[in-house]
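A short worksheet on the structure shown next.
Proteins come first, then strands; the chains are lettered A, B, ... in the order of their sequence lines, and each starts at number 1.
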Amino acid sequence: MTTLASRPAVTDQGARDRLAALLDARRPGRALPGACYTDPELYELDLRLLWQRQWIFVGSVAEIPEEGDYRTVDLGTASVLVLRDDDRQVRAFRNVCRHRGSRLVTEPSGSVGNIVCGYHRWTYGTDGALRHAPQLAAGTDPACLSLLSVHLREVAGLIFVCLAAEPPSDIDVVADVVAPYLRPHALERTKVAAQVDLVEQGNWKLTMENNRECYHCESGHPELTCTFFPTWGLRDEQVPARMRPAHERYRAAEAELATMSAARGLPFARVRDLERPTGFWVQREPMDGAGESFSRDGTRLVARLLGDLDEPRLGRASVHVQPNLWCHALADHVVTFAALPLAPDRTLVRTTWLVHEDAVEGVDYDVDALTEVWRRTNEEDGAFVALTQAGVSDPAYEPGPYTEAEGDVDAFVSWYVARMREEVAR
Amino acid sequence: MTTLASRPAVTDQGARDRLAALLDARRPGRALPGACYTDPELYELDLRLLWQRQWIFVGSVAEIPEEGDYRTVDLGTASVLVLRDDDRQVRAFRNVCRHRGSRLVTEPSGSVGNIVCGYHRWTYGTDGALRHAPQLAAGTDPACLSLLSVHLREVAGLIFVCLAAEPPSDIDVVADVVAPYLRPHALERTKVAAQVDLVEQGNWKLTMENNRECYHCESGHPELTCTFFPTWGLRDEQVPARMRPAHERYRAAEAELATMSAARGLPFARVRDLERPTGFWVQREPMDGAGESFSRDGTRLVARLLGDLDEPRLGRASVHVQPNLWCHALADHVVTFAALPLAPDRTLVRTTWLVHEDAVEGVDYDVDALTEVWRRTNEEDGAFVALTQAGVSDPAYEPGPYTEAEGDVDAFVSWYVARMREEVAR
Amino acid sequence: MTTLASRPAVTDQGARDRLAALLDARRPGRALPGACYTDPELYELDLRLLWQRQWIFVGSVAEIPEEGDYRTVDLGTASVLVLRDDDRQVRAFRNVCRHRGSRLVTEPSGSVGNIVCGYHRWTYGTDGALRHAPQLAAGTDPACLSLLSVHLREVAGLIFVCLAAEPPSDIDVVADVVAPYLRPHALERTKVAAQVDLVEQGNWKLTMENNRECYHCESGHPELTCTFFPTWGLRDEQVPARMRPAHERYRAAEAELATMSAARGLPFARVRDLERPTGFWVQREPMDGAGESFSRDGTRLVARLLGDLDEPRLGRASVHVQPNLWCHALADHVVTFAALPLAPDRTLVRTTWLVHEDAVEGVDYDVDALTEVWRRTNEEDGAFVALTQAGVSDPAYEPGPYTEAEGDVDAFVSWYVARMREEVAR
């Protein structure tokens with residue numbers, strides 16, 4: 001990969017000093033100072049020091065099933081082209097022509113034979129090699145003009161990329177731990193049933209913080225709490241009286257799920273390893289109601305189960321990988337979420353529903369029913385994030401205390417502080 | 001009130017130095033250098049050093065007549081919640097939840113029992129106290145989580161707030177002098193007949209400068225000059241020949257009004273005290289035509305007179321308080337204007353027409369007729385402000401000389417320079 | 001002309017240092033570093049150091065045929081008023097009132113008797129003198145309040161302005177060399193048949209770079225290459241095999257055109273003088289097909305030929321003047337292009353078609369047919385520029401090598417680098 005070292009350094013020392021002071025000012029148990037969510041220069045530092053150095057979730061193998069299938073993902077102003085090459089290998093490239101820099105692929109997804117620049121028709125193979133460029137000047141070596149490649153790692157069908165020259169090595173740990181939870185759901189034999197892009201009017205960290213707690217679920221997510229136990233994140237002794245009945249159902253369902261998982265050799269335990277560079281969290285958790293899927297009554301939403309699963313009532317194998325993935329693998333479908341920053345105060349949440357590749361729409365599943373709960377839940381979350389963005393932009397904002405139900409928000413923010421402290425000091 | 005002192009200082013020294021140089025460059029008798037109206041960083045300084053330290057007019061008591069009635073006002077990115085509490089006292093709070101900073105109230109106005117955050121249902125009383133917040137962590141004291149209060153001062157029904165820890169104390173002088181002019185109009189017994197928000201495409205200082213002279217009235221405001229004498233701001237010897245007839249009518253009407261005012265114990269004299277921190281100006285002035293109201297022929301627009309007034313021909317008690325209020329109290333109605341900055345080049349002008357609380361729409365007054373003159377006049381002024389914003393953004397702009405009719409514009413700009421010099425030096 | 005020297009310096013030293021480093025980083029034979037096309041502060045330096053110091057093409061005399069006719073042109077936030085005064089002289093002024101800075105003329109073009117400010121009716125003659133301003137304060141000298149004049153130079157009907165106090169003197173060289181090519185087309189006896197403003201979503205330098213090569217023509221401009229030889233910019237030995245037939249037609253047409261030009265005393269040779277401050281390029285070149293005009297088959301588009309020309313098959317006298325003009329003078333019409341920066345990533349391309357003043361629309365020419373090729377070509381170019389802007393904004397962008405066909409792009413970029421180096425060092 002060609003290095004970018006020859007580029008003149010952007011003079012962002014002022015922003016780095018400001019960031020360092022804000023990181024120091026953050027008190028444990030509280031959110032970040034307001035500028036961390038609003039300052040355009042600090043947002044640029046987020047992109048440069050975190051999004052361009054961490055492993056970022058960009059989608060799943062089901063999105064590019066055939067040779068030549070691609071999708072593009074924007075990480076700030078960087079565009080990454082993820083495609084399946086002619087040998088069926090999944091690769092990633094910077095989506096920029098090596099000639100005069102034209103954007104190569106402009107559609108969010110599609111299929112190509114070669115990658116052809118629309119400006120002067122420079123043509124690259126799916127392996128990134130420059131195959132055709134007329135009238136190159138003497139002394140120009142086409143071999144030095146391959147597309148810039150991007151580090152890519154697949155974890156049981158989830159695709160992560162990293163723009164850094166030396167990516168965090170602990171993606172190996174994530175893969176080792178997480179893959180066994182997902183493999184029974186066989187993402188490589190799924191197809192995309194639906195994908196919805198929602199733009200939340202808030203900083204990406206607010207999107208992630210909102211996602212890390214269910215303190216707002218009870219009043220905020222009437223559809224989701226049909227099946228998602230709202231005591232998520234609370235220890236037994238922290239559960240308030242009015243939520244006791246739900247929590248008792250949770251405990252009973254958990255015990256039953258443990259037994260069923262053990263009988264099928266499905267990993268079950270919670271692994272919460274949020275402090276490492278590629279912080280993550282995985283667990284198989286029970287669901288309320290019929291316990292099968294994210295429907296109103298908890299019954300399954302897809303007749304055809306995933307992989308070789310024979311039982312619908314397997315709860316959800318839920319995965320979170322920092323900074324931008326959460327997903328739930330159920331017996332009947334998988335739903336993945338990628339948070340992608342668009343601006344200091346705008347974040348794309350891309351939600352993708354995967355079903356068995358042989359499931360037939362209209363027969364085995366109904367798209368509206370399949371997607372309803374998370375479409376509504378995401379919209380509700382988008383409203384919460386927008387409210388919070390407005391408030392943290394106010395000069396009167398002071399980070400208040402997290403409650404007992406917000407331990408994982410605290411963990412996320414602490415991870416962000418630690419990562420940025422380390423990166424800003426480099 | 002909790003202090004904001006723990007917040008890391010924004011590094012705006014460059015902007016402060018630039019501002020100081022521009023203030024020094026301003027010549028008396030001329031407008032400000034262009035950057036003062038266009039530079040985004042100087043706009044931030046306006047917000048921080050002036051709008052968040054001065055007394056700001058936000059509306060009148062008629063806008064929140066009942067317990068729980070509120071309205072929100074944005075001062076830059078700060079949102080202030082003004083409400084009448086359960087004891088009928090008017091209070092102001094920062095419109096930010098003490099938990100994770102969510103904006104609390106999102107509508108411009110309405111009515112509440114308690115103030116409930118939409119995110120996690122934290123609930124505050126109308127006195128600002130935190131009444132309900134589930135699962136607070138051990139050691140969290142709800143008493144420290146009341147809404148942040150904002151200094152508030154009512155002057156004969158006009159509401160001013162100040163975001164500073166120590167507001168300018170001379171609001172007492174303003175109140176002492178201005179209230180007697182307004183009290184006969186009994187704002188506490190009025191209701192809102194109409195309110196119009198107009199966004200002018202210019203810096204807030206251009207909005208105020210435009211408001212401080214009538215040099216543009218003769219050609220620019222055909223509706224207003226039916227009743228507003230266009231020689232406003234001119235001394236007798238400065239009145240040009242073509243305006244002499246109007247000015248003679250003015251002199252005659254002034255003499256008559258002086259007599260009528262004295263007979264009713266209404267204060268009449270001009271008090272022009274524009275250099276103090278809370279610079280102001282008040283006077284009862286005659287009107288042209290029938291002399292009663294802002295109609296085309298000067299006859300009254302509301303049958304029911306305000307308070308206990310028995311005579312419609314009382315001219316206008318006009319008040320200006322820097323930086324953002326002007327208003328006119330007539331026998332039949334009061335019209336208030338609040339200028340509120342939205343962006344370096346955008347300013348909200350909120351105009352509110354108040355009539356007697358017992359006046360009946362369609363019987364005692366017609367809303368279109370009541371509001372016509374100032375609706376049109378504001379729109380005309382908005383066009384002038386937009387033209388000027390375009391011009392002062394041009395690198396060729398140089399502040400030209402004020403004419404004899406623009407003494408109060410000069411006074412406003414000089415006040416701004418003095419205030420900002422003092423604040424930037426702190 | 002009043003100087004602007006009293007204005008406090010904008011503290012742009014950081015941007016100047018950054019620019020200097022980027023200019024140093026640029027390698028010959030390659031495009032500019034990405035920040036040169038995207039950084040808002042560097043864009044401001046482009047405006048200040050180049051657009052406000054160089055000679056800028058703003059239109060032709062045909063756009064303001066009568067006394068009082070004017071047009072306005074925006075150069076960044078600067079607006080220039082170009083008008084024909086009462087003595088038929090073409091003049092240019094800063095479009096800013098000398099009183100409080102109001103924009104004077106707000107329409108892009110029109111006709112005036114005097115220039116009257118819409119705010120306070122200050123009135124200027126077409127010579128720029130302040131003729132009427134009521135109530136000037138004692139000591140104000142109207143003679144010091146004339147409109148600020150702008151340097152203007154006409155070259156055979158093309159109008160250039162310069163905002164600098166001391167414009168580059170080599171406009172004389174350009175005029176001496178270029179005028180003989182254009183004079184036979186008699187722009188002073190033309191009228192505007194059509195004018196189209198297209199906003200390209202890219203930096204102005206990308207617009208110019210795109211214009212300086214035809215490497216993209218073969219695949220990118222199907223309409224244009226009916227008559228525009230796509231080997232433009234290539235030496236004989238560089239022409240690829242598949243383009244040989246077109247190039248042989250070019251060589252034959254060139255020889256024929258040389259003969260015909262010589263017989264009529266029309267200058268023909270290429271003059272390429274791109275390194276001077278007012279870098280330029282002029283040549284009479286043959287056209288493909290019938291060789292007469294920019295139609296699909298090359299036949300003329302206007303029955304009435306320009307000036308006193310008696311022969312339609314005269315190719316195109318093409319002129320390029322840096323930074324922002326290209327134009328083609330044909331026997332039947334002239335088409336001029338002005339590139340004007342609107343934002344770091346937006347550029348206006350104003351295309352104007354001129355025909356003989358006696359040509360009758362619908363009889364001698366059809367507007368749709370006349371404008372079709374360049375309307376389509378401009379739209380295609382706009383798409384290429386937008387693609388490139390997206391790519392050069394990507395952190396992965398690295399300037400790649402120009403091909404043999406892009407020598408004039410290299411020359412343009414080198415000129416930019418040299419100009420900016422000199423200006424930034426002042």
Side-chain angles (χ1 to χ4, degrees), chain A residues 1-14 40 44 47-48 51-52 72 74-81 92-106 116-123 130 133-142 144-145 147-150 163, chain C residues 14-15 17-27 29-35 37-39 206 209-210 213 215-220 233-234 238-243 380-381 383-407 409-410:
Chain A
M1 193 164 85
T2 306
T3 73
L4 305 178
S6 60
R7 172 178 310 214
V10 176
T11 54
D12 60 2
Q13 195 55 49
E44 290 299 321
L47 293 179
R48 212 147 51 227
W51 286 86
Q52 296 176 5
T72 56
D74 289 339
L75 304 180
T77 54
S79 175
V80 178
L81 174 62
F93 301 105
R94 310 299 293 246
N95 186 15
V96 177
C97 185
R98 298 298 308 277
H99 177 213
R100 277 163 60 189
S102 178
R103 184 66 79 219
L104 288 169
V105 169
T106 57
V116 183
C117 179
Y119 199 168
H120 302 96
R121 318 302 293 177
W122 281 30
T123 301
L130 180 60
Q135 295 157 258
L136 282 184
T140 306
D141 179 4
C144 297
L145 294 171
L147 293 183
L148 297 175
S149 68
V150 172
L163 298 181
Chain C
D17 293 345
R18 209 153 71 242
L19 175 61
L22 289 162
L23 297 174
D24 285 347
R26 189 253 168 170
R27 295 161 59 188
R30 294 177 183 252
L32 294 163
Y37 302 107
T38 60
D39 184 310
L206 293 181
E209 292 172 23
N210 172 74
E213 48 96 353
Y215 186 45
H216 66 279
C217 289
E218 195 185 6
S219 63
L234 289 178
Q238 295 172 332
V239 173
R242 73 180 181 290
M243 296 170 94
E380 290 149 4
D381 281 330
F384 295 142
V385 166
L387 278 178
T388 311
Q389 183 70 27
V392 299
S393 303
D394 194 302
Y397 163 68
E398 293 177 352
Y402 289 131
T403 62
E404 294 175 336
E406 294 166 287
V409 185
D410 194 29

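Contact of C:N210 with chain A is made through backbone and side chain together, with heavy-atom distances under 4.5 Å. In this structure, chain A has no heavy atom under 4.5 Å from any part of C:Y37. Only the backbone of C:Q238 has a heavy atom closer than 4.5 Å to any heavy atom of chain A. Heavy atoms of C:E406 lying under 4.5 Å from chain A belong exclusively to its side chain. Looking at A:T106, the atoms closer than 4.5 Å to chain C (heavy atoms on both sides) all sit in the side chain, from C-beta outward. In this structure, the portion of C:V409 lying under 4.5 Å from any heavy atom of chain A is its side chain and not its backbone.
Relative ring orientation between A:Y119 and C:F384 is described as parallel, the plane-to-plane angle staying below 30° on a 0-90° scale split at 30° and 60°.
Nearest heavy atom pair, residue C:A390 against residue A:R103, reads O-NH2, 3.1 Å. For the residue pair A:S102 and C:L387, the shortest heavy atom distance occurs at OG-CB, 3.3 Å. Scanning both residues, A:L148 and C:A396, for their nearest heavy atoms gives CD1-O, 3.5 Å.
A:T140 is linked by a side chain to side chain contact (heavy atoms under 4.5 Å, CB included) to A:L136, A:A137, A:L145, C:P401, counting only residues two or more places apart in sequence or in another chain. Residues passing the salt bridge (Lys or Arg N to Asp or Glu O under 4.0 Å) test with C:E213 are A:R100, sequence neighbours excluded.
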A:H120 and C:T403: CA distance, side-chain angles, deciding distance, side chain to side chain contact (heavy atoms under 4.5 Å, CB included) verdict: CA-CA 10 Å; A:H120 302 96; C:T403 62; over 6 Å; no
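The backbone N or O of A:T77 lies less than 3.5 Å from no partner atom in the side chain of C:S393, so there is not a single donor-acceptor pair.
Note that the NE2 atom of A:H99 and the CZ atom of C:R30 stand 10.0 Å from one another [nearest 0.5 Å].
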